[in-house]
**Q** 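Have a look at this one.
Numbers restart at 1 for each chain; the letters A, B, ... are given by sequence-line order, proteins then strands. On a predicted model such as this, the values are computed, not experimentally measured, just so you know.
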Amino acid sequence: MPEQRDLRHMRIRSRRDLKDNMLRTHYSREITPDDDGKNVVIAGWVHEIRDLGGIAFLVLRDRDGFVQVTLSKGKVDEKLFNLVRSIARESVVLVSGVVKREDKAPNGYEIIPSELQVLNKAESPLPLDVTGKVSADLDTRLDSRFMDLRRQRTQAIFRIRHHVLRAIRTFLENSGFVEINTPKIVATATEGGTALFPITYFEQEAFLSQSPQLYKQIMMAAGLDRVYEIGPIFRAEEHDTTKHLNEVSSVDIEASFVTHEDVMSILELLVKSTYSHVTERCKHELDVLGVRLKIPKVPFKRLSYDEAIDIGGIEWGDDLDTAAEKLVGEKISEHYFIVDWPTEIKPYYIETYEDRPEICKAFDLMHPRMEIASGAQRVHSHELLLRRIEAQGLNPEGFEFYLRAFKYGMPPHAGWGLGLERLLMTMLDLNNIREAILFPRDRRRLSP
RNA sequence: GCCCGGGUAGUGUAGUGGCCUAUCAUGAGGCCCUGUCGAGGCUUCGACUCGGGUUCAAAUCCCGACCCGGGCGCCA
C-alpha cells in the first residue's frame, strides 16, 4: 500500500521537514542579520535590479517582503553576474546563497548568491508598474488584477480582508454560532424588491441567490439556535456607483430565542472586535495604506427612523436617499443604528410592533458613509407570515418550502446580514468598493 | 437609465486650431559607473480610441459609436 505509507510519512513530518522539501528554505521575513553565514534558498519575483557597473543589486520580492541579493564583480562568478543584469523585472527566480550581515543593506543583511535559477521569465513591458512609482487607473489595475495584487497597497487590502474574515469567524464561533452553507441556486426570490439573475437549471427556471435569508430562517426550525454564513449574494440591479456590486460577500447570522435588540448587540460587538483584531494584527498593512483605525465604542447610537428622516429632510415612508444618508452620517459621524422602520418599506418577514403595526422591528447599521448591515426581528408565526406574503402581492406557492418550516415549531428569532466589502471599504476608507474585492462584478465587468 | 467630465507610447500625464516630425515621468534597448535602496549620467525606442464632418490647416472644433471616471437614480 504505497499510499498508506505516504500518509504515515506525511503525518510524522514536522514543519521543518516539509520546508526542506520545498524550493525555498526561507521567506524574506524569516531571515535576520543574525543569520550571518547561513546558507539559504529564497524564491520570489525580481522586484528591481540596480546595476552600478561593478556591483549589482537584485531586489527579490516574496509574499512577506524584500531581500537584497548583492553581486560584486570579481567576487561572484561572471556568468552569474551577467545573468542577473539581464533578467527582466517580475521574472520568478530561485536564489541560493549565504546571508551576510551588512549595515549598508536595507534589512541589515544581504544575500551573496552562489546560484540563481530563473524559474520563469516575465514579458516586457509589464501591464502596470508594481513598484509604486507610477500610478494606474482602477480599470487598468482590474484588467491585470494579478499584477495589481503584487503592489503593496493592493496586497495590504486583501491581507486585511483575510483578517477581517478571521475576526468575524472567531467572534461568531465564540458566541456559539454554527457555520452553514446554503444553496446559491434557488427557485424563488427571497423578497420583493431586488432583481435576480435568471439562470437555466436543466429544464427549469432558476436564479442566483440574492440572500440566504429564507434558508437561515429554516435553520432556526432545525434547532441549530445560532447559525452564520459567509458567502456570495447576487443582485441584478443595474447600479453604477462606487458602493454597489452585483456579486457581494455577505455575512449573515440568524439566532433563536433572541430579539432584534440582542442581535444588534452581537453586530456592534462584532464590528468592534473586528476593528480591534485588525488594529492588532495588521499594523504593517494599515501603515502601508496610511490608515489609523479608531475602534468604535459600543453601544452604537440608536436613531429612530423618525429622527433620521427629520435630519435627512425626507417624507415619512420614504427610504433614505443618498443625500439624506449623507446628512445623517455627517451629523452622527460614527457608527449608528437606524431603528423602527415603516413596515411598508421593509420585507414581509419582519415583525411589527404589537402596539404600532405601522412600524417594525427592523434596523440598519450605518457607517457615516453608508449602510453596512441590516436586520430584524422575524415573523415566526406561520399564519402571520402567510398573511404578510399575500399582503405584499407575492404568491405563497413559491414560498411553500419556506413556510413549511414555520408549521411545526418555529422559535422566535432574529438576525442580520452584513456586507463584507462595505465593512472593509468603510474601515479602510477606500473610495471604491471594487478595491475591496478581488474580481469585482459590476454592470459592465464580467472578466477577469 | 439620466447629468457632467474624459479617452494622447506598456503605465501615469502635458498639450483647447498652425509654434506638434506631440511634453514630462516611468518603462524598454544600448553605453558608462563597486554600495544602490524611487540609484545616477549619456543615448535610442515607443502614443493622439474608432468612423464621419468643418477648415488652407485638427490631438485640439462639430456629429455618431465604443470605452472610462464622477454624481444621481435603481438597490438592503
**Q** Taking a pair as Watson-Crick or G-U wobble with both distances under 3.5 Å, which nucleotide is matched to B/rG1?
**A**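 B/rC72 - that is the nucleotide pairing with B/rG1, both distances being under 3.5 Å.
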**Q** For B/rU54 and B/rG17, measure between their C1' atoms and round to the nearest Å.
**A**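 Nearest-Å result for B/rU54 against B/rG17 at atom C1': 12 Å.
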**Q** Kindly indicate whether the side chain of A/K346, heavy atoms from C-beta on, has any atom under 4.5 Å from the side chain of A/D364.
**A**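 Yes - at least one pair of side-chain heavy atoms lies under 4.5 Å apart.
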**Q** Per the side chain to side chain donor-acceptor pair (under 3.5 Å) rule, which among A/K75, A/K104, A/E110 passes with A/T70?
**A**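 The single option meeting the side chain to side chain donor-acceptor pair (under 3.5 Å) with A/T70 is A/E110.
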**Q** Is the phosphate of B/rU36, meaning OP1 or OP2, less than 4.0 Å from a side-chain N or O of A/K104?
**A** no
**Q** If you assign A/H244 and A/G74 each to the RNA chain B nucleotide with the nearest heavy atom, which residue ends up on the more 5' nucleotide?
**A**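 Comparing both residues, the 5'-ward one is A/G74.
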**Q** Any side-chain N or O of A/T140 less than 4.0 Å from the OP1 or OP2 oxygen of B/rG12?
**A** yes
**Q** Taking the P atom of each, how far is B/rU21 from B/rC66, in whole Å?
**A**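 It comes out at 32 Å once rounded to the nearest Å.
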**Q** Given B/rG71, B/rG35, B/rG12, which nucleotide is nearest the side-chain atoms of A/V134?
**A** B/rG12
**Q** Closest approach to the side chain of A/R235, judged atom by atom: which nucleotide of B/rC74, B/rG1, B/rA76 is it?
**A** B/rA76
**Q** Can you check the distance between B/rG40 and B/rC3, where both ends of the measurement are the P atom (answer in whole Å)?
**A** 48 Å
**Q** Could you tell me whether A/A88 contacts a base, only the sugar-phosphate backbone, or nothing, with contacts defined as non-hydrogen atoms closer than 4.0 Å?
**A** nothing
**Q** Give one of base, sugar-phosphate or nothing for A/D139, where a contact means two heavy atoms less than 4.0 Å apart.
**A**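 Sugar-phosphate: the residue A/D139, judged by heavy atoms under 4.0 Å, touches backbone atoms but no base.
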**Q** Could A/R445 and A/D143 be called an ion pair, given the rule that one side-chain N must be under 4.0 Å from one carboxylate O?
**A** yes
**Q** Sorted by first residue and then second, give each salt bridge (Lys or Arg N to Asp or Glu O under 4.0 Å) pair with at least one member in residues 36-45 of chain A; sequence neighbours left out.
**A**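 Matches after skipping sequence neighbours: A/D35-A/K38.
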**Q** Between B/rC67 and A/R444, is there an OP1 or OP2 to side-chain N/O distance shorter than 4.0 Å?
**A**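 A/R444 to B/rC67 OP1/OP2: no side-chain N or O under 4.0 Å.
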**Q** Describe the nucleic acid contact of A/S374 in one word from base, sugar-phosphate, nothing, applying a heavy-atom distance below 4.0 Å.
**A** base
**Q** My understanding is that a pair needs two contacts under 3.5 Å, Watson-Crick or G-U wobble. By that rule, which nucleotide pairs with B/rU16?
**A**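 Paired with B/rU16, as far as the under-3.5 Å criterion goes, is no nucleotide at all.
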**Q** Distances under 3.5 Å between protein N/O atoms and the N/O atoms of nucleotides 41-49 of chain B, please, pair by pair.
**A**
none

**Q** Which part of the nucleic acid, if any, lies within reach of A/E48 when heavy atoms closer than 4.0 Å are counted: base, sugar-phosphate only, or nothing?
**A**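 Touches sugar-phosphate only.
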**Q** Under a 4.0 Å threshold between the charged nitrogen and the carboxylate oxygen, would A/R161 count as salt-bridged to A/E285?
**A**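 A salt bridge is absent here (no side-chain N lies under 4.0 Å from a carboxylate O).
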**Q** Please tell me if A/N432 has a side-chain N or O lying less than 4.0 Å from either OP1 or OP2 of B/rG70.
**A** yes
**Q** Considering only heavy atoms from C-beta outward, does the side chain of A/R145 approach that of A/T154 to under 4.5 Å?
**A** yes
**Q** Over all strands shown, is A/D137 touching base, sugar-phosphate only, or nothing at heavy-atom distances under 4.0 angstrom?
**A**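 Sugar-phosphate only.
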**Q** Can you tell me the pairing partner of B/rU49 across any strand shown, Watson-Crick or G-U wobble, with both distances under 3.5 angstrom?
**A**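 B/rA65 - that is the nucleotide pairing with B/rU49, both distances being under 3.5 Å.
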**Q** If we take the C1' atom in both B/rC50 and B/rC32, what is their distance in whole Å?
**A** 45 Å
**Q** Are the charged groups of A/E48 and A/R61 less than 4.0 angstrom apart, N to O?
**A** no
**Q** When rounded to the nearest Å, what value does the distance between P atoms of B/rC62 and B/rU55 take?
**A**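 Pairwise P distance, B/rC62 against B/rU55, rounds to 16 Å.
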**Q** Roughly how many Å apart are B/rA25 and B/rA9, using the C1' atom of each and rounding to a whole number?
**A**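 Taking atom C1' in both B/rA9 and B/rA25, they lie 12 Å apart.
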**Q** Base, sugar-phosphate, or nothing: which does A/D321 touch, judged by heavy atoms less than 4.0 Å apart?
**A** sugar-phosphate
**Q** Taking the minimum atom-to-atom distance to the side chain of A/T241, which one of B/rC74, B/rU34, B/rG38 wins?
**A** B/rC74
**Q** Considering only the C1' atoms, how many Å lie between B/rC67 and B/rG29, rounded to the nearest integer?
**A**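 Taking atom C1' in both B/rC67 and B/rG29, they lie 32 Å apart.
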**Q** When all nucleic acid strands are considered with a 4.0 Å heavy-atom cut-off, which category describes A/P106: base, sugar-phosphate, or nothing?
**A**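 Base contact - A/P106 has a heavy atom under 4.0 Å of at least one base atom.
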**Q** Identify whether any heavy atom of A/E110 sits under 4.0 Å from a base atom; if not, whether one sits that close to sugar-phosphate; answer base, sugar-phosphate or nothing.
**A**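 Touches a base.
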**Q** With a 4.0 Å cut-off, would you call A/R443 and A/D240 a salt bridge?
**A** no
**Q** Of the nucleotides B/rC74, B/rU36, B/rA76, which one has an atom closest to the side chain of A/D319?
**A** B/rA76
**Q** Nearest-nucleotide wise, let me know which of A/P125 and A/G54 is further upstream toward the 5' end of RNA chain B.
**A** A/P125
**Q** One thing to verify: whether A/E307 and A/K331 come together as a salt bridge, which I'm taking to mean a side-chain N less than 4.0 angstrom from a carboxylate O.
**A**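 A/E307 and A/K331: not salt-bridged.
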**Q** Could you work out the separation of B/rA28 and B/rG64 based on their C1' atoms and round it to a whole Å?
**A**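 Between the two C1' atoms, the distance is 38 Å.
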